[in-house]
Amino acid sequence: MPSLFYEQTAIKTKMLLSPFLTLTILLFFSSSSVSAIYSIPTCSNIVPFKNRTDRISITDYGGVGDGRTLNTKAFREAVYRIEHLKRPGGTVLYVPQGVYLTESFNLTSHMTLYLAAGAVIKAQQESRNWPLIAPLPSYGRGRELPGGRYISFIHGDGLTDVVITGENGTIDGQGDMWWNMWRKRTLKYTRPSLVEFVNSQDIIISNLIFKNSPFWNIHPIYCNNVVVRYVTILAPRDSPNTDGVDPDSSSNMCIEDSYISTGDDLVAVKSGWDEYGIAYGRPSSGITIRRLTGSSPFAGIAVGSETSGGVENVLAENINLFNMGVGIHIKTNKGRGGFIKNITVAHVYVENARQGIKIAGDVGGHPDEKYNPDALPVVKGITIRNVWGVKVNRAGLINGLKNSPFTDVCLSVINFHGMTGSSAPNWKCSDVSGFAYQVSPWPCSQLHNQEPGSCAI
């Protein structure tokens with residue numbers, strides 16, 4: 001694909017800022033100057049974008065975008081060609097305008113899956129032909145049911161240097177069939193994610209719409225160096241377990257400038273489930289989340305509840321949340337083991353939520369009866385600052401564990417306001433220690449009322 005094409009796309013991306021990004025800029029930056037807009041910090045440079053010159057089209061392999069023709073053979077043959085010809089610098093698989101119905105397919109290293117404007121890759125609604133794969137070792141079984149799990153719609157395992165991008169084309173999981181099976185309890189195995197990368201590195205996912213995932217939308221697990229930027233993720237509010245982005249036992253991940261409206265957590269950082277996650281022992285670390293806007297009946301920014309491999313060094317800032325269950329939710333349980341530490345959430349706006357902040361040690365189930373109830377998680381170094389909430393029913397809840405209290409919890413410059421005409425939202429706390437500074441309503445006696453140094457900035 002000519003380099004000019006990429007240059008023009010990059011220019012359009014910078015010029016046509018999405019509405020949610022514009023809203024974020026207006027809320028968090030007092031200056032409207034162009035220089036202020038273009039000096040916004042980014043972590044996306046952890047994976048350099050590749051300008052690939054070799055290009056093939058899905059139509060070269062018989063792809064038909066009429067919304068009816070099954071294109072599984074076309075996608076699989078195109079990826080096979082990229083994998084085995086090994087062009088220097090990799091190859092772009094171009095999907096032109098149209099609706100391309102297909103079964104699940106795998107990607108390969110050194111490729112770009114590029115969806116043109118108006119291009120839709122749509123999952124076939126037929127579970128009988130959906131491949132099964134082994135459970136993830138840090139989960140020990142399927143997340144929903146014992147045994148294996150259905151492979152993700154678009155899948156990558158052991159890959160390097162992969163880009164999924166385009167001109168706001170759409171990847172549609174057509175999740176209705178799967179949601180209905182979940183509701184009727186007729187599932188045989190755990191539902192497929194929309195996009196999953198396993199044991200992979202140097203991944204970019206950008207400038208696309210992801211909708212109606214059967215299960216979690218974007219799931220990098222055991223990965224390193226992953227960028228998710230300028231994406232829109234959509235699913236109905238009543239769609240079960242349709243998390244937006246779930247970094248899982250992964251490191252150096254950047255999630256920025258995106259809009260997510262789904263039926264579950266917008267972003268949930270994970271690292272394995274009970275005894276299986278403890279044994280696998282791979283933490284999630286170095287996760288940055290910036291300029292995210294969204295809506296969900298569950299959490300906006302979540303850590304957990306599967307954190308048995310440990311989660312550390314997470315930064316989430318400049319977040320706008322509307323019509324939420326919980327704004328910020330850090331969750332674990334007895335039997336999880338692992339740790340949650342050095343988590344910073346800052347500059348958050350929450351409007352219309354059941355609860356502003358929840359940090360709890362009694363959330364989430366267990367994979368089986370083999371877990372050790374004495375494997376207690378360690379939760380420390382949680383900093384939440386500069387949060388403004390309106391129409392919030394309850395300000396917050398912090399429930400540590402009696403034999404493993406949550407420590408170094410720092411809340412500063414936080415204001416929650418209840419529904420019009422109602423009393424101020426309250427807090428509930430137990431088994432926690434730390435500081436609170438300029439928090440309204442006042443949280444609880446376990447948090448000392450004093451300026452706690454850097455966390456009040």
Side-chain angles (χ1 to χ4, degrees), residues 70 72 75-76 79-80 102-108 123-159 162 171 173-200 203 210 212-223 235 239-243 245-250 263-265 268 270-282 284 304-309 335-336 364-371:
L70 192 62
T72 308
F75 278 103
R76 292 177 181 174
V79 173
Y80 182 88
T102 178
E103 298 170 319
S104 65
F105 62 94
N106 293 304
L107 302 180
T108 189
Q124 185 193 42
Q125 288 193 311
E126 176 53 76
S127 63
R128 289 180 300 176
N129 296 329
W130 211 285
L132 286 170
I133 56 176
L136 293 160
S138 59
Y139 284 78
R141 45 158 277 184
R143 182 58 185 81
E144 297 183 284
L145 293 166
R149 60 200 185 101
Y150 293 105
I151 196 171
S152 62
F153 177 47
I154 297 178
H155 196 77
D157 193 343
L159 304 186
V162 178
I171 296 176
Q174 293 209 94
D176 307 65
M177 173 194 72
W178 299 97
W179 307 334
N180 288 333
M181 285 196 293
W182 180 87
R183 294 179 183 118
K184 295 176 182 178
R185 300 185 178 183
T186 57
L187 278 169
K188 295 181 180 179
Y189 303 97
T190 295
R191 287 171 286 159
S193 295
L194 193 58
V195 176
E196 182 177 81
F197 285 96
V198 185
N199 292 312
S200 298
I203 308 297
F210 299 85
N212 298 330
S213 176
F215 192 53
W216 299 342
N217 274 270
I218 298 174
H219 184 217
I221 183 163
Y222 321 140
C223 289
S239 57
N241 309 108
T242 51
D243 296 23
V245 185
D246 284 2
D248 200 340
S249 292
S250 293
D264 212 314
D265 299 341
K270 302 175 181 290
S271 66
W273 202 7
D274 287 8
E275 69 269 27
Y276 304 105
I278 294 170
Y280 196 76
R282 179 161 176 173
S284 279
S305 68
E306 305 90 344
T307 55
S308 300
R336 289 286 190 268
H366 304 285
D368 50 40
E369 300 302 318
K370 299 177 183 178
Y371 76 94

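Start at 1 with the first residue, then count along the sequence.
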Exercise for the section: Could you tell me how the ring of F105 sits relative to the ring of F153: parallel (under 30°), tilted (30 to 60°) or perpendicular (over 60°)? Expected result: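 Judged by the thresholds at 30° and 60°, the geometry between F105 and F153 is perpendicular.
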Kindly say whether [Y] contributes a backbone atom to a donor-acceptor pair with the side chain of [X] at under 3.5 angstrom?
X    : Y    : value
R143 : T190 : no
S284 : K270 : yes
S213 : F215 : yes
R191 : P214 : yes
S200 : L159 : yes
Y222 : S138 : yes

Handout entry: Pairs flagged by salt bridge (Lys or Arg N to Asp or Glu O under 4.0 Å) wherever residues 125-136 is involved - sequence neighbours left out
Key =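 Matches after skipping sequence neighbours: E126-R128.
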Hey, are the side chains of [X] and [Y] touching, using non-hydrogen atoms and a 4.5 Å cut-off?
X    : Y    : answer
S104 : W130 : yes
F210 : V245 : no
Q174 : N212 : no
E103 : P131 : no
E144 : W182 : yes
W273 : L136 : no
I221 : Y139 : yes
Y371 : I278 : no

What distance separates [X] [atom1] from [Y] [atom2], expressed to the nearest 0.5 Å?
X    : Y    : atom1 : atom2 : result
L145 : L187 : CG    : CG    : 6.0 Å
I218 : I203 : CD1   : CD1   : 12.0 Å
D248 : F197 : CG    : CZ    : 15.0 Å
T102 : R76  : OG1   : CZ    : 6.5 Å
S239 : D176 : OG    : CG    : 9.5 Å
D246 : S271 : CG    : OG    : 12.0 Å

Over all heavy atoms of both residues, which pair between [X] and [Y] is shortest? Give the atoms and the distance, please.
X    : Y    : value
D264 : N241 : OD2-CA, 3.3 Å
G148 : P135 : CA-CD, 3.9 Å
R149 : A134 : NE-O, 3.3 Å
P192 : S152 : CB-CA, 4.1 Å
V162 : T108 : CG2-O, 3.4 Å

Problem - Steps toward side-chain contact (heavy atoms from CB on, under 4.5 Å) verdict (N217, T242) - result: CA-CA 6 Å; N217 274 270; T242 51; 4.2 Å; yes
Practice task
Under the side-chain contact (heavy atoms from CB on, under 4.5 Å) rule, what do I133 and H155 come out as? Steps first, then yes or no, please.
Solution key: CA-CA 11 Å; I133 56 176; H155 196 77; 4.0 Å; yes
Exercise for the section: Would you check, one step at a time, whether the test side-chain contact (heavy atoms from CB on, under 4.5 Å) holds for S127 with W178? Expected result: CA-CA 8 Å; S127 63; W178 299 97; 3.7 Å; yes
Problem - Partners passing salt bridge (charged side-chain N to carboxylate O under 4.0 Å, His left out) against D274 (at least two apart in sequence or in another chain) - result: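 With neighbours one apart ignored, the set is R336.
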Problem - Residues in ring-ring contact (aromatic ring centres under 6.0 Å, His included) contact with Y189, at least two apart in sequence or another chain - result: Y150
Practice task
Could you walk me through whether E196 and I151 pass the side-chain contact (heavy atoms from CB on, under 4.5 Å) test, one step at a time?
Solution key: CA-CA 8 Å; E196 182 177 81; I151 196 171; over 6 Å; no
